[in-house]
Amino acid sequence: MSITPFDEIIEQNDQTAARREHLEKLRELVGNPYPNKFGRSTLSGEEDTITRLLEYPPVAEINAEMYAILASLGEGERPPAEKKDALNKRLKALGNVRIAGRMAVPPRVMGKAAFVHLSDGISRLQVYVRKQDAVAISNDTGEPLDEEGKAWEVFGYLDHGDFIGVEGYLFITNTGELSVHVEKLQFLAKAMLPMPDKMHGIADPEIRQRQRYADLIASSLQIEHDGLTTREVFERRAKLISSIRHFLEDHGYIEVETPMLTPKATGAAAKPFKTHHNALDIDLYARIAPELYLKRLVVGGFEKVYELNRNFRNEGISYKHNPEFTMLEFYCAYMDVNGMMDFCEQLLINSITFSNGSLSVKLTNDPYADVVIDFSSFERISMREAVIRFWQNKGQRIGQGDLDIDWFDDIDKLRRLVLWTALIDNELRKSGMQQMNVATILNYDPKLESGDNDDEDDMGISIYIDVISKELGFWQATESINDSFKAGHETDFQRFETRIQRVLRTVLDNSMSEELQLARITQFLFEEVVERNLIQPTFIVDYPKSISPLSKASPQNPQVAERFELFINGMEVANGFSELNDPREQYDRFADQMKARESGDEEAMVLDEDYIRALSYGMPPAAGIGIGIDRLTMLLTNKHSIRDVILFPHMRPEKRVATEDTESKE
RNA sequence: GGUCCGAUAGCUCAGUCGGUAGAGCAAAUGGCUUUUAACCAUUGGGUCCCAGGUUCGAGUCCUGGUCGGAUCACCA
């Protein structure tokens with residue numbers, strides 16, 4: 001296998017050739033072009049980064065005074081010389097500074113003097129190099145080069161993006177900008193590649209995500225930008241995470257790390273990544289959730305425990321899904337689901353206030369543009385009530401009736417509603433076929449019209465599809481679509497078919513117990529009708545027990561789990577419940593899951609025998625929760641894509657100009 | 001996987017009806033000792049994504065492909 005030659009890894013053009021020449025010239029002038037260190041001054045008490053220096057009170061004060069003077073001037077006016085000179089006297093009294101950074105702009109050279117801005121990634125500071133005042137430092141000896149004009153020559157070979165260190169005194173220029181008057185100049189490192197466009201940054205979203213380093217440089221170089229810079233997005237993310245940790249630790253939680261590689265992928269409904277350990281010769285799975293390990297720790301006496309780290313799910317990638325994502329999970333002994341919702345609210349309010357400074361966030365990139373999310377109030381509503389509420393909204397759009405809470409126990413009615421809902425597809429809605437009356441579906445008895453149907457398996461499948469198709473005039477509608485939109489809409493029909501098949505397979509499967517069917521249907525209706533409409537923070541409570549295999553049943557209603565999910569802007573952000581701690585019942589629930597797995601449900605949970613053993617030692621009553629940190633960050637940073645809040649999101653492999661190996665696989 | 005949109009200088013983008021390939025930024029050279037999207041002058045830089053077709057002539061029109069984006073589907 002051949003390795004990629006250096007010159008193919010970085011693109012070669014006139015720009016890189018110039019930089020390469022400059023590098024060689026610098027090597028001649030100052031020696032080693034990659035020195036090992038540069039000692040910065042310590043006026044601010046620690047090493048002076050540009051940011052620290054600008055925040056150093058005496059400097060900040062003088063700067064503020066200068067700004068005040070500038071603010072009082074008219075357009076194009078310059079600050080009066082006396083005031084400026086007075087400030088410069090105070091600056092000079094501070095002594096010399098030594099700072100370093102990346103040249104954030106191409107140098108502005110004027111004959112025998114030049115200005116350039118240095119950036120420490122956060123802040124920038126202008127430096128002024130005058131030919132007669134500056135000496136260059138040798139990178140080999142660390143001593144000044146004797147010859148006059150060397151520094152100026154060195155400066156001539158510097159490019160936009162290079163790193164330099166300077167020593168000199170602070171002063172304010174004629175136009176009122178704080179700057180360093182350079183007396184010593186040291187070259188520190190070369191940028192061999194040209195910097196991103198200073199006005200536009202990096203336009204290609206793929207390069208932004210793939211070459212995050214370039215994106216970060218670009219956002220620090222750009223002078224003006226709307227919204228948060230990339231760096232600010234990740235600073236906010238870091239602040240959010242750190243404030244969550246502080247809050248939990250202040251409330252007695254201890255942070256732990258449980259295995260990422262596990263012999264069983266369980267604790268959530270998801271498909272895992274599989275790998276193999278050679279020495280042990282066993283298959284391992286990247287964890288899909290730390291849940292069962294954390295509860296083992298509750299068994300072991302960690303009454304309050306949390307883990308904030310990555311989970312891995314081998315599923316689709318979308319604006320809200322990345323194969324690895326960061327989740328906070330925590331557990332609290334002696335607490336139930338209601339206590340957990342209260343605590344979750346407090347946690348979010350606290351950490352959002354800390355990281356964002358405010359509890360309201362305006363979203364501008366979403367389909368729901370200009371929505372303001374208000375994190376100060378959290379609604380609580382049961383799953384069934386939510387379906388009813390939004391069904392009414394949907395009913396208004398489509399023209400038909402309301403639901404009744406009793407119907408959630410009527411399998412026949414629910415099945416019809418599911419098909420009805422499944423049929424109301426965006427594209428199909430346009431065709432005018434939506435004039436169907438809900439009452440007609442509900443009152444329709446398939447047995448009357450279906451004639452011979454001894455095939456039990458098909459009961460409620462082909463019949464329903466046939467009946468509802470007829471009722472809705474679907475076939476006619478499809479034809480009229482085909483007429484008006486031509487052949488292109490055949491795919492809509494295919495989509496409809498796969499959609500119906502999915503519904504039939506996962507929601508209307510007769511082989512499941514009636515309880516499970518009711519649960520699945522309710523969940524389906526919730527996803528179809530409600531989920532995307534939950535914009536403001538909303539806890540959905542009272543989940544069907546049969547789709548919540550790790551949570552305790554409600555004392556009031558054995559069919560209902562003490563479980564909630566928090567939805568914001570149509571996304572699931574958190575999921576919590578009263579933890580099931582009866583080992584026998586937990587075993588039975590796992591057994592049900594394994595049964596579902598055998599009949600083809602790939603996401604049903606896997607039995608974990610050791611977890612059952614752990615519960616058998618006794619676990620106190622407890623509540624737990626998982627919170628999606630990436631999605632929360634999306635909300636706080638006004639980003640519509642999870643890739644914008646993950647530094648290095650997963651992408652398909654980079655396509656290089658393939659010289660050989662043009663093999664493409666589907 | 002479906003649909004729509006896109007690919008032109010290192011970057012961001014124009015390119016009319018089919019008639020010699022353009023701008024700004026970046027780069028090179030010269031000038032300029034307080035500029036700041038520095039300025040002034042000069043210069044270099046192109047497989048117009050690929051292949052085929054129509055045409056006297058294709059960046060432009062047609063067909064096929066590659067790559068990318070948006071969106072829908074899948075994925076709680």
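These numbers come from the heavy atoms of this one structure, side chains and all, not from hydrogens, waters or symmetry mates. Each chain gets a letter, A, B and so on, in the order its sequence line appears, and its residues count up from 1. In this text the structure is predicted, and so the values were computed from the model without any measurement.
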Over how many whole Å does the gap from [X] atom [atom1] to [N] atom [atom2] extend?
{"X": "A:Glu527", "N": "B:A73", "atom1": "CD", "atom2": "C1'", "result": "15 Å"}
{"X": "A:Lys131", "N": "B:G31", "atom1": "NZ", "atom2": "P", "result": "10 Å"}
{"X": "A:Met103", "N": "B:U35", "atom1": "CE", "atom2": "P", "result": "19 Å"}
{"X": "A:Arg643", "N": "B:A70", "atom1": "CZ", "atom2": "P", "result": "8 Å"}
{"X": "A:Asp133", "N": "B:U33", "atom1": "CG", "atom2": "P", "result": "14 Å"}
{"X": "A:Asp215", "N": "B:C11", "atom1": "CG", "atom2": "P", "result": "16 Å"}
{"X": "A:Phe171", "N": "B:U34", "atom1": "CZ", "atom2": "P", "result": "10 Å"}
{"X": "A:Lys271", "N": "B:C74", "atom1": "NZ", "atom2": "C1'", "result": "8 Å"}

Do A:Arg124 side-chain atoms and A:Met103 backbone N/O form a donor-acceptor pair below 3.5 Å?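 The answer is no, because no donor-acceptor pair under 3.5 Å joins these two groups.
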Test your reading of the model: is there a side-chain donor-acceptor pair from A:Arg380 to the backbone of A:Phe564, 3.5 Å cut-off?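 Not at all, since once roles are kept as given, no pair shorter than 3.5 Å links the two residues.
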Select base, sugar-phosphate, or nothing to describe what [X] touches, counting heavy atoms under 4.0 Å on all strands.
{"X": "A:His160", "result": "nothing"}
{"X": "A:Gln523", "result": "base"}
{"X": "A:Arg20", "result": "nothing"}
{"X": "A:His181", "result": "nothing"}

Which atom names give the shortest non-hydrogen contact between [X] and [Y], and what distance separates them?
{"X": "A:Asp644", "Y": "A:Arg212", "answer": "CA-NH2, 4.4 Å"}
{"X": "A:Ala289", "Y": "A:Arg313", "answer": "CB-NH2, 4.3 Å"}
{"X": "A:Asp630", "Y": "A:Phe325", "answer": "OD2-CB, 3.2 Å"}
{"X": "A:Leu29", "Y": "A:Tyr157", "answer": "CD1-CD1, 3.8 Å"}

[N] and [M]: how far apart are their [atom1] atoms, nearest whole angstrom?
{"N": "B:A41", "M": "B:G53", "atom1": "P", "answer": "47 Å"}
{"N": "B:U47", "M": "B:G22", "atom1": "P", "answer": "16 Å"}
{"N": "B:A21", "M": "B:C25", "atom1": "P", "answer": "24 Å"}
{"N": "B:A14", "M": "B:U33", "atom1": "C1'", "answer": "39 Å"}
{"N": "B:A70", "M": "B:A27", "atom1": "P", "answer": "31 Å"}
{"N": "B:C62", "M": "B:U55", "atom1": "C1'", "answer": "12 Å"}
{"N": "B:A23", "M": "B:G45", "atom1": "C1'", "answer": "15 Å"}
{"N": "B:G46", "M": "B:G52", "atom1": "P", "answer": "22 Å"}

Residue [X], side-chain atoms from C-beta onward, closest of [options]:
{"X": "A:Pro106", "options": "B:A27, B:C75, B:U33", "result": "B:A27"}
{"X": "A:Phe115", "options": "B:G10, B:U35, B:A76", "result": "B:U35"}
{"X": "A:Ser179", "options": "B:U33, B:A76, B:U35", "result": "B:U35"}
{"X": "A:Asp159", "options": "B:A28, B:U34, B:A76", "result": "B:A28"}
{"X": "A:Thr173", "options": "B:U33, B:C75, B:U35", "result": "B:U35"}
{"X": "A:Arg130", "options": "B:U35, B:A76, B:U33", "result": "B:U33"}

Does the plane of the ring in A:His181 sit parallel, tilted or perpendicular to the ring in A:Tyr169? Use 30° and 60° as the thresholds.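 Answer is parallel, since the angle falls under 30°.
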A quick test of your reading: do over 12 heavy atoms of other residues, nucleotides or ligands sit less than 6.0 Å from [atom1] of [X]?
{"X": "A:Lys320", "atom1": "NZ", "value": "yes"}
{"X": "A:Arg90", "atom1": "CZ", "value": "yes"}
{"X": "A:Glu21", "atom1": "CD", "value": "no"}

In the strands shown, is [N] matched to any nucleotide by a Watson-Crick or G-U wobble pair with both distances under 3.5 Å, and which?
{"N": "B:U29", "result": "B:A41"}
{"N": "B:U35", "result": "none"}
{"N": "B:A9", "result": "none"}
{"N": "B:A73", "result": "none"}
{"N": "B:C56", "result": "B:G19"}
{"N": "B:G64", "result": "B:C50"}

Does a nitrogen or oxygen in the side chain of A:Arg108 sit under 4.0 Å from OP1 or OP2 of B:A38?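 Yes.
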Residue-phosphate contact under 4.0 Å: A:Arg532 side-chain N/O, B:C72 OP1/OP2: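 So the side chain of A:Arg532 is outside the cut-off, no N or O lying under 4.0 Å from OP1 or OP2 of B:C72.
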Confirm from the modelled atom types if A:Gln126 and B:U35 form a donor-acceptor pair under 3.5 Å, side chain to base only.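 Such a pair exists between side chain and base.
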Heavy-atom contacts, protein to nucleotides 43-49 of chain B, under 4.0 Å, summarised as B (base), S (sugar-phosphate only) or - (none) per nt, yield -B-----
Let me spell it out: for each of A:Val109 and A:Val116, pick the nucleotide of RNA chain B with the closest heavy atom. Which residue's pick is nearer the 5' end?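 On the 5' side of the pair lies A:Val116.
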Specify the residue among A:Lys112 and A:Gly176 whose closest nucleotide of RNA chain B lies further upstream toward the 5′ end.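 With A:Lys112 and A:Gly176 compared, the 5'-side residue is A:Lys112.
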